[in-house]
Amino acid sequence: MAEFLYGGGYYPLLEKKENWERDLDSMRKAGINIVRTAELFNTWDRIEPREREFNFDFLDEFFDLCGRMEMKILLGTGTCSPPLWFRRKYPESVIINSKKIPYAAHASYSWTCIDHPGYRSEAERYIRTLTERYQGHRALYAYQLHNEVGFPFMSDGQDRVDIYCYCKHSIQHFRQWLKKKYKDISALNRAWTWSATNTVCGSFEECEPPEAKPEVWSSVTRWMDWRLFWMDNFTEFIRWQDRIIKETDRRHPTTTNIFYHKSQDPFGVMMGLDQFEMAKAADLVGYDLYPGSGDKLRERPEFSSMFLDHGRSITRPLKKPLWIHELESGPINGWMLGPHTNTQREEILRNGFECIGHDAKFLLYQGWKEWEFQPLHWGGIVELDGEEGCRYEAAKEIGGFLKENEKFLMEAQVPKGQAALLVSKENAVILNGVNQESFLAKALAGAYKAFYELGYQVDFVTPEHLESGYAKDYPVIAMPFLTYITGQTAGYLKTYVEEGGILIGTARCGMTGTHGWYNQCVPPFELREVFGVRVLETEAGSDPELTMDGQNYKGYWHKEKLLLSEGTEVTAGFFDDTPAVTRKKNKKGTAVYVATQADAGYSARGNQLYKELLRRELHGIAPDISIAYTNKRHKELDGHILKAGKKGMVIITNYVEKDREAGFFIRGKKHARVWLNKNPGVIKSIYTGTGKEILFTEGAGGYYFSYEFTKGQPEIFHLVYES
């Protein structure tokens, strides 16, 4: 059995040497068994401050101390922080934006272009030196490749992330990528056609990346190719580092950390991230989770759950564990006017148990201590002077739980979801390019939120999962604002429905396809037959009113006029008596089409149409776990279930906001009813209930038990299923 890894970011050069042992001992007492170092701080720029003059003394001492104290190390390759001598030696290695302006010196990290031959050469030499030095050390557990790979995600001051990299090396690499994709220049010219700005290339050497997004009427296809190239390029960069390490050390695994749903670049389009492909490039992949940054949880209580479900959806098909490389550990962001969130005991418990409940096998706080050199709040579990306060006690509480339940947690898994959301990197790229990516974020969040609040476990799937057959056994697949669909994807969706699945599409479904060009029929290809509808015209910019099951609802933004084929049932109508929601049987399955943006409307306006539609269409599909309580619309309790053989565990996290306490928790307590769809056999409270057995009752739709929850306190129940 592998050990559950529980860690903290720690950087010896930022601390007094006489405090190292004290700090590591404090970690051990909290259950910490691994530290991450040298990935961003105390890294290449400090280890090789002058070319080929290495300062490994501090890291050697730290490794030896960790070895003696039986603490493992996640060692960064440090390639995101090249030294100053490197920048002076290779001044043209800096990434360049679309206006040909180099990235600012001494700002952020990842400023170096991964296509620069000098960078590749020096980085390879450094990685080999690092690997050869520590591969045999007993403290080494794994290598972290780079750090948050991709272009800088910082805003340009106008809430827009800049476009990179336009250096000669990247442009040449892009041309090679295009030649491999299109093979013939005439095929590229055909794909890049755009009547307003059509420039014909005589050869691949004449091809230039777009200097503007399609929103200013440049070619959609050229933009798609430019961003897809960078997604491939960064994935290959991580794979390249993995290969270098494995040539010397095949015993220790490699990993890298990435983002999803970050406010500045929610889908990684500008950073150049294809999270699903990136997960294949190293042995393990991790996510960086900061629910408090940008006040995400106050605006979207489902954020952490959605974030973690996405991470698990990436790793599970690859049979890899989900790692959380960076977990919020203290006050976050804001400089002198901050912090955005003053992370306390409740947040540490909530975030940690959310990760565990979503099947994470590795949690690492970033950082273990706050850093005095940085007046931007960022952590930590303990104070600058090492004082162990309320966050430390919460982290210690989690550490004790992990140790006590380690065997089960390492064997257990979250059941595969009842619902899947179909996502596509091409779709995100196109919508980013036309400045409508925020609408996709609303639709995705609204669809997820509706399933989540109804108790359904949600996974994320891609067209590749449809092709491989991985997605075929989901009871329902929804396509939030999926404006890009190819004929191949449409064919897989047709088979999915015919074999018994429920498919849900919304307005503008498959508006674009191959090359990002307009599909002349919407929905396109076989989906016209599957849904049994064709869009005749579209109105935009209002919240159209409609009636479903005798109740009035509002749609959102779009209202499509539909032509129905034979056998298509109208289940909701707009107030002008045109179809708003349709249902079509296809052999064993059903396709539901919504002629407005109901999912985005739930996120943006709280319009209930999408949620009630799901309640109706999925009435025969029981969630694995659901929780009933008053004022549920505020999502105060979040339930998760883990299963391993005949054993199970229910983890319920607590999302009470301080400004809502009085009206929702009475004297700090809240009564709720927990429903399970399978006979739990025996239920014991193992967190605050100290092993007390809980009585449950069989009722309509499953089995339930009542429990009194304490404000700010998670609850965990152990299950032993009957044979």
Side-chain angles (χ1 to χ4, degrees), residues 291 297-298 301-302 304-305 344-358 390 393-398 400-402 404-405 408-409 414 452-457 622-643 647-721:
L297 284 181
R298 187 174 293 276
E302 73 285 350
S304 291
S305 196
Q344 295 295 327
R345 175 183 182 276
E346 291 82 0
E347 286 84 6
I348 296 296
L349 291 174
R350 176 199 302 157
N351 296 341
F353 282 112
E354 278 289 350
C355 293
I356 297 166
H358 282 85
C390 65
E393 291 304 319
K396 187 176 181 180
E397 211 170 299
I398 293 173
F401 171 81
L402 292 174
E404 188 174 339
N405 296 277
F408 170 81
L409 292 172
V414 173
Y452 167 86
E453 291 182 348
L454 291 171
Y456 293 105
Q457 175 65 53
D624 288 319
I625 179 174
S626 62
I627 310 173
Y629 51 91
T630 57
N631 297 304
K632 191 171 181 179
R633 65 191 177 91
H634 288 288
K635 198 58 185 179
E636 294 180 308
L637 301 173
D638 189 11
H640 309 283
I641 190 163
L642 295 165
K643 294 182 179 180
K647 294 182 180 180
M649 182 178 289
V650 170
I651 297 177
I652 298 178
T653 49
N654 194 313
Y655 278 80
V656 179
E657 293 291 341
K658 290 186 172 67
D659 60 355
R660 297 204 298 256
E661 289 172 9
F664 296 86
F665 269 58
I666 308 301
R667 289 184 295 277
K669 301 289 184 180
K670 187 169 194 71
H671 294 274
R673 182 170 288 183
V674 181
W675 290 83
L676 304 170
N677 72 353
K678 184 178 179 182
N679 189 334
V682 176
I683 305 176
K684 290 185 178 181
S685 173
I686 63 170
Y687 199 65
T688 62
T690 61
K692 178 183 176 183
E693 189 166 339
I694 307 296
L695 298 178
F696 66 92
T697 303
E698 183 175 1
Y703 304 82
Y704 68 91
F705 65 94
S706 296
Y707 199 81
E708 187 176 69
F709 293 88
T710 302
K711 179 178 70 68
Q713 184 71 44
E715 291 292 348
I716 301 170
F717 305 93
H718 179 64
L719 313 178
V720 180
Y721 296 106

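FYI, side chains are in, hydrogens and waters are out, and symmetry mates aren't considered; it's all heavy atoms of this structure.
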For the residue pair L719 and I641, establish whether any side-chain heavy-atom pair is separated by less than 4.5 Å.
-> yes

Looking only at non-hydrogen atoms, find the nearest pair between I652 and G639 and report the distance.
-> CG1-CA, 4.1 Å

Without hydrogens or angle criteria, can the side chains of T688 and E715 be said to hold a donor-acceptor pair below 3.5 Å?
-> yes

Partner residues of Y704 under the ring-ring contact (aromatic ring centres under 6.0 Å, His included) criterion, sequence neighbours left out = W675

State, with a plain yes or no, whether a side-chain heavy atom of P680 is found less than 4.5 Å away from one of F705.
-> no

Side-chain donor-acceptor contact under 3.5 Å, H671 with S706 | no

Output for pair (E346 CD, C390 SG), nearest 0.5 Å, gives 7.5 Å

Tell me, do H640 and H358 make a side-chain contact under 4.5 Å, heavy atoms counted?
-> yes

For G357 and V414 the tightest heavy-atom approach is O-CG2, 3.3 Å

Which residues pass the side-chain contact (heavy atoms from CB on, under 4.5 Å) test with K678, sequence neighbours left out?
-> K643, Y721

Between N677 and A622, which heavy-atom pair has the shortest distance, and what is it?
-> ND2-O, 3.5 Å

Sequence-distant partners of Y707, ring-ring contact (aromatic ring centres under 6.0 Å, His included), two or more places apart = F709, F717

The side chain to side chain donor-acceptor pair (under 3.5 Å) partners of E302 (sequence neighbours excluded) come to none

I398 side chain near I356 side chain, heavy-atom distance below 4.5 Å = yes

Taking everything shown except E404 itself, do over 12 heavy atoms lie less than 6.0 Å from its CD?
-> no

Closest approach of G455 and P623, non-hydrogen atoms and distance?
-> O-CB, 3.1 Å

Non-neighbouring partners of Q713 that pass side chain to side chain donor-acceptor pair (under 3.5 Å), sequence neighbours left out = R345

Please identify each residue that fulfils side chain to side chain donor-acceptor pair (under 3.5 Å) with E698, with sequence neighbours left out.
-> none

Student check: side-chain heavy atoms of D624 and L676 closer than 4.5 Å = no

Measuring from R673:CZ to S626:OG, what's the distance to the nearest 0.5 Å?
-> 11.0 Å

Which pair of heavy atoms, one from E636 and one from Y629, lies closest together, and at what distance?
-> N-OH, 3.0 Å

Beyond-backbone contact of E397 with F353, side-chain heavy atoms, under 4.5 angstrom | no

Is there a donor-acceptor pair closer than 3.5 Å between any side-chain N or O of N654 and the backbone N or O of T710?
-> yes

OH of Y687 to CE of M649: how many Å apart, nearest 0.5 Å?
-> 11.5 Å

Please examine the side chains of F401 and L409, heavy atoms only from C-beta on, and report whether any two atoms are closer than 4.5 Å.
-> yes

Counterpart residues, side-chain contact (heavy atoms from CB on, under 4.5 Å), relative to K684 (two or more places apart) = V682, I686, E693

So do Y452 and D638 actually touch side chain to side chain, heavy atoms under 4.5 Å?
-> yes

Side chain to side chain donor-acceptor pair (under 3.5 Å) partners of Y456, counting only residues at least two apart = none

Partners of H718 by ring-ring contact (aromatic ring centres under 6.0 Å, His included), sequence neighbours excluded?
-> none

Indicate the atoms forming the closest heavy-atom contact of G712 with L349, along with that distance.
-> O-CD1, 4.4 Å

